[in-house]
2 protein chains.
Amino acid sequence: MRHETLPNARHLQPAGLIPVAPELMLCGCPELVGTSFSYGREEEIFGEGEEADFVYRVVKGAVRTCKMLSDGRRQIDAFHLPGDLFGFEMGARHRMTAEAVADTTVLLFRRRQIEDTASRNVDAACRLWDLTLRSLGHAQEHMILLGRRTALERVAAFLIHMDQRLGATGHVDLAMPRRDIADYLGLTLETVSRALSQLQSEGALRLDGARKVTLDRKRMSAVVED
Amino acid sequence: MRHETLPNARHLQPAGLIPVAPELMLCGCPELVGTSFSYGREEEIFGEGEEADFVYRVVKGAVRTCKMLSDGRRQIDAFHLPGDLFGFEMGARHRMTAEAVADTTVLLFRRRQIEDTASRNVDAACRLWDLTLRSLGHAQEHMILLGRRTALERVAAFLIHMDQRLGATGHVDLAMPRRDIADYLGLTLETVSRALSQLQSEGALRLDGARKVTLDRKRMSAVVED
DNA sequence: CGCTATATTGATGGCGATCAACAAATGTGG
DNA sequence: CCACATTTGTTGATCGCCATCAATATAGCG
């Protein structure tokens, strides 16, 4: 049994004092105040197999959670953007690795505190259950994408989804490289790049630099068509 | 707003009276007593988009939950065997279709009752949360299979998993046809059949009839090797 | 038995992976 | 600020796995 340790962190910024800012709380509970941590690009937040003592909320930046096989094959199960929670686990240990995709700030919540709160506050417990159901819903959507969608459909669906999460402006600013998109979509980075080029040649999007994409939302939707 | 109706069912077998049998309860709660229903092979239990008023537990048989695209592509997200719960949803409506793979008996629990119980009984709420986290964990495992595994690995992993769920005897009795296995693994039924033949020729398993498989667990594990 | 549903096996083709070269963006030190 | 190195992204050529189409075999069932 090892001692509970703090995670790797560049800079510790202690949370504000007496009047708790609402954005520091989890599920609106004043007793669940997060501690701010920052991670550099590509830095590991937690690794598969580590003790799952904390739950995280993204404040700034982007995080990927993924699984790897021994031969290096990787599957990214989700990208977490500002406002998103990640790090919930069934057992005592993480079954995923979490890494910062870009320079990232997160809020850290002690898992025991969350569980204590949930066991006393019914409303918080329901909200936590709902969050887990939401993750499950996302995973289920992703399974049909991975199992049954073509490469072009996957890339289009990904961009549409990112656009919606970033405000549905049609201007998507991708935080992650091609390789990460590929590992999220079950493709290679070359196939992702080709799909983007094809979507551009079809007039469904425009690439204003590799990470900046402008979508024609109507034509993009026509590509996925479920 | 439509009236809450009972699901399709062949035979209604009213639950036992005064002393509630433990196998009829959910999470060990005496107030959560299920009602037994039976469905024939290929019969729909609930459809995507329907009101999610019930949660189900398999008593006998097997159930598949799946999503479909408009052009007929299908992804089965899970097979539910005796003891398994299914039908939990985030919102008011089912986002999946559930169908009986074989002649099946389920217990039906009113969702409102479950939520009422969870809001009063902390222990039950935690168990329900844990069940959802378990489903999420399964979905995450399945994503790396769908995104990064070869056909042979998928079929081998599926058989190993089924063997474990059925008691790890090495004798797997498949309840579902090749087509369902294929739609679960993101393959075609021909590819599933070929993978089974190849595994047999490699001595990793023996087919005693299409639905009866005897595994060499050591050699099977060597195929998936994560 | 014969009828039907299910499974296996074969032949062929296409989508996406792999290997490779080049281009563009980013960063670094002089 | 520019020369150079490094990382990231695009595009091309080829290959292989799995899908598709097709034929046959087997199992289940009246």
Side-chain angles (χ1 to χ4, degrees), chain A residues 40-42 62 64 69 71-75 101-103 145-159 172-202 205-213 223, chain B residues 40-42 62 64 69 71-75 101-103 145-159 172-202 205-213 223:
Chain A
R41 206 167 68 92
E42 297 294 299
R64 61 176 180 250
L69 301 181
D71 63 1
R73 285 177 285 180
R74 184 178 67 152
Q75 180 63 45
V101 169
D103 290 346
L145 181 145
L146 292 172
R148 291 306 184 199
R149 293 280 193 190
T150 66
L152 204 71
E153 289 174 328
R154 293 182 204 197
V155 172
F158 170 71
L159 291 170
V172 183
D173 215 337
L174 298 168
M176 69 292 291
R178 296 290 184 263
R179 164 59 149 261
D180 284 1
I181 299 173
D183 283 347
Y184 178 65
L185 299 176
L187 301 169
T188 60
L189 63 91
E190 293 96 329
T191 299
V192 170
S193 183
R194 275 185 249 271
L196 287 166
S197 297
Q198 186 180 338
L199 288 167
Q200 183 168 37
S201 76
E202 288 174 3
L205 60 79
R206 192 167 30 111
L207 286 164
D208 318 309
R211 306 282 182 104
K212 290 209 186 301
V213 190
V223 174
Chain B
R41 206 167 67 91
E42 297 293 300
R64 61 175 181 250
L69 301 180
D71 62 2
R73 283 177 286 180
R74 183 178 68 151
Q75 180 64 45
V101 169
D103 290 347
L145 182 145
L146 292 172
R148 292 304 182 201
R149 293 279 194 188
T150 66
L152 204 71
E153 289 173 327
R154 294 184 204 195
V155 172
F158 169 72
L159 291 171
V172 183
D173 215 335
L174 298 168
M176 69 293 287
R178 298 289 185 264
R179 155 80 94 185
D180 284 1
I181 299 173
D183 284 347
Y184 177 65
L185 299 177
L187 301 169
T188 60
L189 63 91
E190 293 95 329
T191 299
V192 170
S193 183
R194 273 185 251 271
L196 287 167
S197 297
Q198 186 181 339
L199 288 167
Q200 183 169 37
S201 77
E202 288 174 4
L205 60 79
R206 193 167 33 108
L207 286 163
D208 317 310
R211 306 282 182 102
K212 291 213 186 300
V213 190
V223 175

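Of the side-chain N and O atoms in Arg211(A), one or more sit less than 4.0 angstrom from OP1 or OP2 of dG9(D).
In this structure, Asp71(A) does not pair ionically with Arg148(B), as no charged nitrogen and carboxylate oxygen lie closer than 4.0 Å.
At a threshold of 4.5 Å between non-hydrogen side-chain atoms, the residues Leu69(A) and Arg149(B) count as touching. Within the 4.5 Å cutoff, the side chain of Val101(B) has no heavy atoms near those of the Arg41(B) side chain. A heavy-atom distance below 4.5 Å is found between the side chains of Glu202(B) and Leu152(B).
Atoms CG (Leu185(A)) and C1' (dA17(C)) sit 15 Å apart, rounded to a whole Å. Nucleotide dT8(C) holds its P atom 14 Å from the CZ atom of Arg179(B), rounded to whole Å. Distance Lys212(A) NZ to dA25(C) P: 13 Å, rounded to the nearest Å. Rounding to whole angstrom units, CG of residue Leu152(B) and C1' of dC18(D) are separated by 12 Å. Straight-line distance from the CG atom of Leu146(A) to the P atom of dC15(C): 20 Å, rounded to whole Å. The separation between Glu42(A) atom CD and dT8(D) atom C1' is 12 Å, rounded to whole Å. The distance from atom CG of Asp183(A) to atom C1' of dA17(C) is 13 Å, rounded to the nearest whole Å. Counting to the nearest Å, the P atom of dA5(C) and the CG atom of Asp180(B) are 16 Å from each other.
Between its two ends, the helix from dC1(C)-dG30(D) to dG30(C)-dC1(D) turns its axis by 40°, counting five pairs per end and rounding to 10 degrees.
Judged by atom type and distance alone, Arg194(A) does not reach the base of dG9(D) through any side-chain donor-acceptor pair under 3.5 Å. Below the 3.5 angstrom threshold, one finds no donor paired with an acceptor across the side chain of Arg154(A) and the base of dG16(C). Below the 3.5 angstrom threshold, one finds no donor paired with an acceptor across the side chain of Arg41(A) and the base of dT7(D). Not a single donor-acceptor pair, N or O on each side, falls under 3.5 Å between the base of dT9(C) and the side chain of Arg178(B).
One distance of note links CG of Asp183(B) with CG of Leu189(B); it measures 8.5 Å at 0.5 Å rounding.
Side-chain atoms of Arg179(B) never come within 3.5 Å of backbone atoms of Thr188(B) as a donor-acceptor pair (strictly under, hydrogens ignored). Distance alone, capped at 3.5 Å, places no donor-acceptor pair between the Ser193(B) side chain and the Glu190(B) backbone. A donor-acceptor pair under 3.5 Å is formed between the side chain of Gln75(A) and the backbone N or O of Tyr184(A).
Of the candidates Arg206(B), Lys212(B), Arg211(B), Arg206(B) is the only one forming a salt bridge (charged side-chain N to carboxylate O under 4.0 Å, His left out) with Asp208(B).
The stretch residues 186-193 of chain A touches DNA chain D through Leu189(A), Glu190(A), Ser193(A), each having a heavy atom within less than 4.0 Å of the strand.
Comparing Arg149(B) and Pro177(A) by the nucleotide of DNA chain D whose heavy atom lies nearest to each, the residue mapping closer to the 5' end is Pro177(A).
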